[in-house]
Protein chains: 2
Amino acid sequence: MSTCPVDSRVIRPIRFIAGQCQMLDQRLLPVEEVWRTYKTYQEVAEAIRTMVVRGAPAIGVAAAIGAWFGARDIETESSWEFYQEFEKVCAVLLATRPTAVNLSWALERMKHFTQSNLERSVMELKIGLEYEALAITQEDEKANRQLGQHGESLLADGARVLTHCNAGALATAAYGTALGMIRAAVEAGKKISVIADETRPFLQGARLTAWELQKENIPVTLICDNMAGYLMSKGEIDCVIVGADRIAANGDVANKIGTYTVAILAKEHNLPFYVAAPISTIDLSLSDGTLIPIEERDGREITHFKDLQLAPEGISVRNPAFDVTPHRLVTAIITEYGIVDGDYLTGLNQIVNRR
Amino acid sequence: MSTCPVDSRVIRPIRFIAGQCQMLDQRLLPVEEVWRTYKTYQEVAEAIRTMVVRGAPAIGVAAAIGAWFGARDIETESSWEFYQEFEKVCAVLLATRPTAVNLSWALERMKHFTQSNLERSVMELKIGLEYEALAITQEDEKANRQLGQHGESLLADGARVLTHCNAGALATAAYGTALGMIRAAVEAGKKISVIADETRPFLQGARLTAWELQKENIPVTLICDNMAGYLMSKGEIDCVIVGADRIAANGDVANKIGTYTVAILAKEHNLPFYVAAPISTIDLSLSDGTLIPIEERDGREITHFKDLQLAPEGISVRNPAFDVTPHRLVTAIITEYGIVDGDYLTGLNQIVNRR
């Protein structure tokens with residue numbers, strides 16, 4: 001049975017081992033570290049939907065593993081029937097969350113493997129799909145480490161980096177994208193400190209980014225989302241690095257709600273605004289960011305914290321989970337194949353199709 | 001004994017009645033409406049410090065009432081000794097919070113009354129100070145209603161107004177400043193809807209603005225602070241109105257943390273950014289906003305909600321409670337004596353000294 005490498009010093013939010021998947025329940029961090037076990041694709045779909053696991057690359061990894069669970073449990077000897085059933089499995093996983101393209105990217109890759117190997121037996125397809133899910137997991141970690149190597153060159157020794165949401169190990173198979181750049185800079189001997197937006201309403205910054213950086217002794221200061229402008233005006237921030245949930249062909253970036261505001265603040269204060277993302281996040285099928293679907297989530301995420309009521313009963317709420325930062329506000333996009341800036345349309349196309 | 005007019009339809013967070021002061025505990029809203037009774041200046045100082053009462057004009061009103069409690073309890077027959085003791089009372093009240101100038105404005109007014117009447121008996125001074133405290137309370141409500149009249153002319157029928165923090169009835173003696181403009185527009189028959197930033201960490205928007213607008217059936221939609229940029233980019237906001245804690249002579253505005261970010265967002269989207277404040281908020285002694293002291297509060301306000309832990313133990317936190325919006329980002333300042341725009345240095349000076 002295939003397993004991910006186990007190294008207790010490395011944060012890996014998804015463990016794929018002995019035909020089961022364990023995920024660190026990110027809703028309970030940082031107070032509790034609870035690992036949950038998943039054995040069916042329906043369970044994995046529910047974990048994605050309810051944000052046990054979140055972060056675009058991690059969602060892709062989880063979906064690939066979920067798809068394999070679905071494949072494994074299909075009972076047929078016909079490869080064609082198998083493929084038809086497998087498409088249904090993937091459709092359930094795809095419907096969990098709309099914005100991050102890594103979800104459909106991973107599922108498309110799983111479906112493509114099946115479709116390209118229909119001459120093989122169902123058993124061979126199942127074995128192949130398990131390897132594919134494992135490859136997606138391992139390649140994500142490798143991509144983040146490469147991305148970090150490219151990106152750390154942009155960070156000066158002593159840099160004070162603002163990040164929004166969690167684009168860390170917890171949002172990926174391991175290492176992280178935005179936090180991957182920071183980890184790579186620290187590994188290169190640079191002194192980096194991080195200012196983490198708490199990131200309402202789900203508090204990924206307060207709960208997850210602060211947790212994983214503290215665990216690795218990388219200096220981190222927590223602020224509310226509305227404090228970044230103040231710190232920039234005081235000269236206390238040198239650059240911004242965020243992750244991405246989907247990048248359109250022209251370089252427009254969908255990411256956690258509030259990213260657009262941070263990008264405008266960075267422009268106002270002449271600070272670089274970097275987006276760190278593996279190419280699985282790039283969606284060349286969309287010409288610009290206005291075409292990216294933006295998930296609106298339950299207002300209760302805003303009006304309550306756990307069972308504590310924060311707002312009047314029955315109040316009207318808007319809860320968009322993402323926003324789109326136009327490419328004109330993006331200084332550079334850092335991928336595992338290098339850094340793209342300036343002409344994103346050409347640069348992203350070259351990067352995605354170079355393999 | 002002097003009392004504030006009692007009208008159950010009007011929200012007044014501070015009741016000054018029968019030698020006692022009752023304050024609505026704003027820390028418990030919107031879940032509980034608890035009125036607390038205060039009888040000494042030390043108790044009032046503690047209520048200001050711990051934010052039972054908050055909002056620049058309301059802090060001024062509470063401080064004036066607290067100062068009167070202190071004055072009432074001074075035991076001496078010598079007016080000069082009385083004045084010296086009264087100065088100590090005022091110093092305790094002044095030390096509670098640094099940013100809102102209304103606090104020192106109200107205390108200076110109380111001290112000035114005493115200083116100008118030292119030929120009178122201590123009993124006469126005490127009676128006079130009670131009337132002064134009452135006058136400060138009543139004048140604040142009157143100022144807000146006048147401010148609302150001036151300001152509502154800026155609001156079109158159907159306007160969708162973003163506000164940050166609570167510059168409402170709860171932040172004043174009654175009626176509010178930013179929300180006073182909105183109330184006046186509604187009273188003038190206009191259809192106004194409000195988008196309220198929740199305003200981390202103290203959640204004045206979620207807990208207080210949402211509560212008081214809902215109570216008066218003014219349509220209000222709650223968002224997280226990091227969502228305003230998204231709604232502006234979608235064309236769902238027509239203008240911004242905020243209150244102020246201190247306005248420097250050049251028109252720079254200190255207000256709740258996050259206001260500066262909202263002002264930058266408004267500029268980016270070509271939306272008017274209005275500041276509503278009585279002249280008690282204007283501090284002509286400071287040439288610009290860099291001189292305004294910014295309170296930094298306990299990090300626990302960010303890491304915890306009540307007893308619930310939101311962030312890892314021992315995490316480093318910044319918690320500036322206010323920021324300064326430079327006058328170049330302010331479309332107009334609306335006061336009880338009219339609207340100032342363009343040349344704030346001249347305009348504010350004229351408004352403050354016209355009385």
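Note that the structure is predicted; figures quoted are calculated from it, not measured. Reminder, nothing fancy here: chain letters follow the sequence lines and each chain counts from 1.
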Exercise for the section: Specify which of Ile264(A), Thr259(A), Asp197(A) makes the most heavy-atom pairs with chain B at under 4.5 Å. Expected result: Ile264(A)
Completion exercise
The interface call for Lys215(B) against chain A, heavy-atom contacts under 4.5 Å, is neither
Practice task
Give, for atom CZ of Arg207(A) and atom CD1 of Ile315(B), the distance between the pair rounded to the nearest 0.5 Å.
Solution key: 13.5 Å
Handout entry: chain B contact via Leu29(A) - which portion, at a heavy-atom distance below 4.5 Å
Key = neither
Handout entry: Part of Ile257(A) lying under 4.5 Å from any heavy atom of chain B
Key = both
Exercise for the section: Report the C-alpha separation of Lys234(B) and Ile294(A) in whole Å, then their side-chain angles, then the decisive distance to 0.1 Å, and conclude whether the side-chain contact (heavy atoms from CB on, under 4.5 Å) test is met. Expected result: CA-CA 12 Å; Lys234(B) 293 280 172 191; Ile294(A) 300 296; 5.5 Å; no
Practice task
Side chain from CB out, backbone as N, CA, C, O: work out which of these in Glu236(B) comes under 4.5 Å of a heavy atom of chain A, or both, or neither.
Solution key: side chain
Handout entry: Exam field: side chain Glu268(A) to backbone Thr261(B), donor-acceptor pair closer than 3.5 Å
Key = no
Practice task
Check the surroundings of atom CD in Glu313(B): do more than 12 heavy atoms from other residues, nucleotides or ligands lie under 6.0 Å from it?
Solution key: no
Problem - Step-by-step side-chain contact (heavy atoms from CB on, under 4.5 Å) determination, Val317(A) to Thr221(B) - result: CA-CA 5 Å; Val317(A) 179; Thr221(B) 300; 5.6 Å; no
Handout entry: Between Thr303(B), Leu265(B), Ile223(B), the one whose heavy-atom pairs under 4.5 Å with chain A are most numerous
Key = Leu265(B)
Fill in the blank from the handout: Value for CZ (Arg318(B)) from OH (Tyr230(A)), rounded to nearest 0.5 Å, stands at 6.0 Å
Practice task
Examine whether an atom of Ile195(A) lies under 4.5 Å from a heavy atom of chain B, and if so say whether it belongs to the side chain, the backbone or both; otherwise answer neither.
Solution key: neither
Handout entry: Distance (rounded to the nearest 0.5 Å) between Leu222(B) CG and Ile302(A) CD1
Key = 6.0 Å
Handout entry: Partner chain B: residue of Val31(A), Thr290(A), Leu308(A) with the largest heavy-atom pair count (under 4.5 Å)
Key = Leu308(A)
Exercise for the section: Please check if the side chain of Asp323(B) supplies one atom and the backbone of Met227(A) the other of a donor-acceptor pair under 3.5 Å. Expected result: no
Handout entry: Greatest number of heavy atom pairs closer than 4.5 Å to chain B - which of Gly258(A), Ser233(A), Gly205(A)
Key = Gly258(A)
Practice task
Determine the option with the most heavy-atom pairs under 4.5 angstrom with chain A, choosing from Ala196(B), Gly299(B), Gly229(B).
Solution key: Gly229(B)
Problem - Proximal component of Glu301(A), with respect to chain B [non-hydrogen, under 4.5 Å] - result: neither
Problem - Proximity breakdown for Leu203(A) and chain B, heavy-atom pairs closer than 4.5 Å - result: side chain
Exercise for the section: Please flag which part of Pro312(A) lies under 4.5 Å from any non-hydrogen atom of chain B: side chain, backbone, both or neither. Expected result: both
Exercise for the section: Heavy-atom distances under 4.5 Å only: say whether Glu212(A) touches chain B with side chain, backbone, both or neither. Expected result: neither
Handout entry: Lys306(A) NZ to Lys306(B) NZ distance, which is reported to the nearest 0.5 Å
Key = 15.0 Å
Handout entry: Region of Lys256(A) that comes under 4.5 Å of a non-hydrogen atom in chain B
Key = neither
Practice task
Check for a donor-acceptor pair, side chain of Gln214(A) on one end and backbone N or O of Ser316(B) on the other, with a separation under 3.5 Å.
Solution key: no
Problem - Separation of Phe305(A) CZ from His304(B) NE2 (nearest 0.5 Å) - result: 10.0 Å
Exercise for the section: Report the distance from atom CG of Asp225(A) to atom SG of Cys224(B), rounding to the nearest 0.5 Å. Expected result: 8.0 Å
Handout entry: Interchain contact, Tyr260(A) with chain B, by part (heavy-atom threshold 4.5 Å)
Key = side chain
Completion exercise
Assert top hit (heavy-atom pairs under 4.5 Å, partner chain B, pool Ala228(A), Pro201(A), Pro320(A)) equals Pro320(A)
Fill in the blank from the handout: Whatever's closer than 4.5 Å to a heavy atom in chain B on Glu198(A) counts as side chain
